[in-house]
Amino acid sequence: MPYSPEVLLQLLQRFIKHPNKIKQVHSLLITDGYLLRGLNTQPHSKWMRTLLYNTLIRAHLNAGQTCKTLFLFTHMLANQAPPNSHTFPSLIKAAASSLPSFGRPLHTQVVKRGVLFDPFIPTTFVVFYGEHGSLRDAYKMFEEISLLCIVAYNAMLHASGKNGSVESALLIFERMPDRDIVSWTTVINGFWSNGYFAEAIQFFKKMMAHENIGNGLVKPNEATYVCVLSSCANFAGRGSLDFGKQVHGYILRNEVFLTVFVGTSLIDFYGKMGCLPKAMNVFTQMVPTEVCSWNAMISSLASNGREKEALDMFENMKREGLHPNEVTFVAVLTACARGKFVETGLKVFQSMSLDFGVVPTMEHYGCVVDLLGRAGLLKEATDIVRSMPLQPDASVLGALLGACKIYGSTELGDEVGRRLLELNQRHCSQYVLLSNTNAGVERWDYAAALRKDMVDAGILKIPAYSSVYLA
DNA sequence: TTAGGGTTAG
C-alpha cells in the first residue's frame, strides 16, 4: 500500500534538514509516481506536485547539493509542476552559492512568470547580486521591493558592505525604521571586511550603548562576537587587547557556553595578541573541539615562536582522530618554515595530498618556498616555483625574493624581483586605470568595487606608482 | 496552500 502524497510531503517537511532521509522519501515519490504528470489525476495533484518539488528543492539546497537543486527545477518544468513564488528563493540561493551563471536565467524566469512582486524573491536577488553582480544590480532589486521589511534592509546592508561601500550601508542603516542584531552585525561586518577595524569596534561600542541593548531587545550573537573579536585581533591600535578582553568578559557573563565559532575567534584573538596562555586556556575550555579550533591554536603557536609545540599539537590532533584540512596545513607548514624544520616540512607537504587528500594551494606553495628559502636552499625553492602547477603569485615570489635578500643571491633576486614587479605593475596599472576611469564618470560604486578587487587579489597599489600617463 | 528571504571563525 503506497503512502499518500500528503504523508510523503509531511515526511519531507519534517526531515528537510536530513539528507539521507530525504533520499528515501524522494525514491518513494518517484516509485509512487507522485512527481509525474498524468499518473495522479486528482484535481489538486498539480498543486501537490509543485509543493512536493518546492520542498524537495529546498531539502537539496539544505544538503548542499546545489547542482541537483537546479536539476530538480528542470524536472519540475518537464513534469508540468508550475513553479511559483516559493520555488525561486531556493533556486537563487543555490545559484548564489555555487552556480552564479544561473542567476540571469533565473531572473528572466522570475520576470516571465510575474513573481517579482513577492518580496522574498527580490530580497534573495539582493543577496545574489551583492555576491556576484554589482551594488547597482543589488540596489535595483532592493527598489523592486514594495513592502520593505527588516530582512530586506539587512540584505541590502550586506550587499553594500560586500561591495566595498560601507558608506552606503551606513546611509541605509540610518534610513531603517527599526534595526535588529543582524542589522548591527552586518554593518560591523561591513567595516571589518573592508579593513576598517577601528570603525568596526566603534560601531560595536555604539551598539552596546544603544538603548535597545539595555532593554534586552537587541543582544549580540555569535556572528557579532566573531566580527568584533576579529576586528580587535587585526587592529594594531592601542586598547584593542583590553577591549577584546572586555568582550571576552561579556561573553562569559552572558553566554551559557562557548560555541566553536566564538571559541575559535577568541583563540585567534589571543594568539594574534601574543597571549598564548589565554589562547590555550580558551582552547582547553572548549568541549567539542573541532578542526578549526585546532587550526587557530596551531597558528597561534606557530606565529609566537613556539614552532615545536605547534607540531606537537598537530600530532595530538591527528591522534584524536580529527582530519586536518587545508588551513591546518598552512599553519603546520608555517611552523616548519619559522622553526627551520626543513625535513619535517617537506614530509608534511608530501603527506597532505597523499594521506589527507588536501590539494596544495598557492598559500601552501608559498609556505614551502619560504621553508626552503629561510633554510638557504635557494635552488630547491626555485625548483618548487618552476615545477608548481599554479602560476606563482606575488606571495610565492615574495617568499623567494625574501630568501634571496637574506642569502645575498643578487642574480636570482634580480630575476625574481623583476617578475614580481611585472606581475604587480601589470595588474596594478590595469586596475588603477580602470578604477580611475570609472571614478571619473562618477561611477563611485564601481570604482570602489574595483579597488576592493585589487585588495582581494592581493595586488597592493605601489604608492608612488600612478598611471596618469596611461590615461 | 503557507514550503521560501538577512549576519559568523581558521
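The sequence lines fix the lettering, A, B, ..., with proteins before strands; numbering per chain opens at 1.
- Note on R49(A): every side-chain N or O is 4.0 Å or more away from OP1 and OP2 of dT1(B).
- A straight line from CD of Q10(A) to C1' of dT2(B) spans 14 Å, rounded to a whole angstrom.
- Classification of the H60(A)-H26(A) ring pair by plane angle, with boundaries at 30° and 60°, yields perpendicular.
- Side chain of S265(A), nearest nucleotide from dT7(B), dG5(B), dA9(B): dA9(B).
- If you check distances only, the side chain of T124(A) never reaches the base of dG5(B) with a donor-acceptor pair under 3.5 Å.
- The local environment of CZ in R175(A) is crowded, with over 12 non-hydrogen atoms from other residues, nucleotides or ligands closer than 6.0 Å.
- Backbone-only engagement by N189(A) is indicated by non-hydrogen atom pairs under 4.0 Å involving sugar-phosphate atoms exclusively.
- Put simply, CG on N84(A) is 9 Å from C1' on dG4(B), counting in whole angstrom units.
- Considering only residues two or more places apart in sequence or on other chains, E363(A) meets the salt bridge (Lys or Arg N to Asp or Glu O under 4.0 Å) condition with none of them.
- Between F142(A) and the options F128(A), Y129(A), Y153(A), a ring-ring contact (aromatic ring centres under 6.0 Å, His included) holds for only Y153(A).
- Nearest nucleotide to the side chain of T264(A), out of dA9(B), dT8(B), dA3(B): dA9(B).
- Contact annotation: K93(A) reaches the phosphate of dG5(B) (side-chain N/O to OP1 or OP2, under 4.0 Å).
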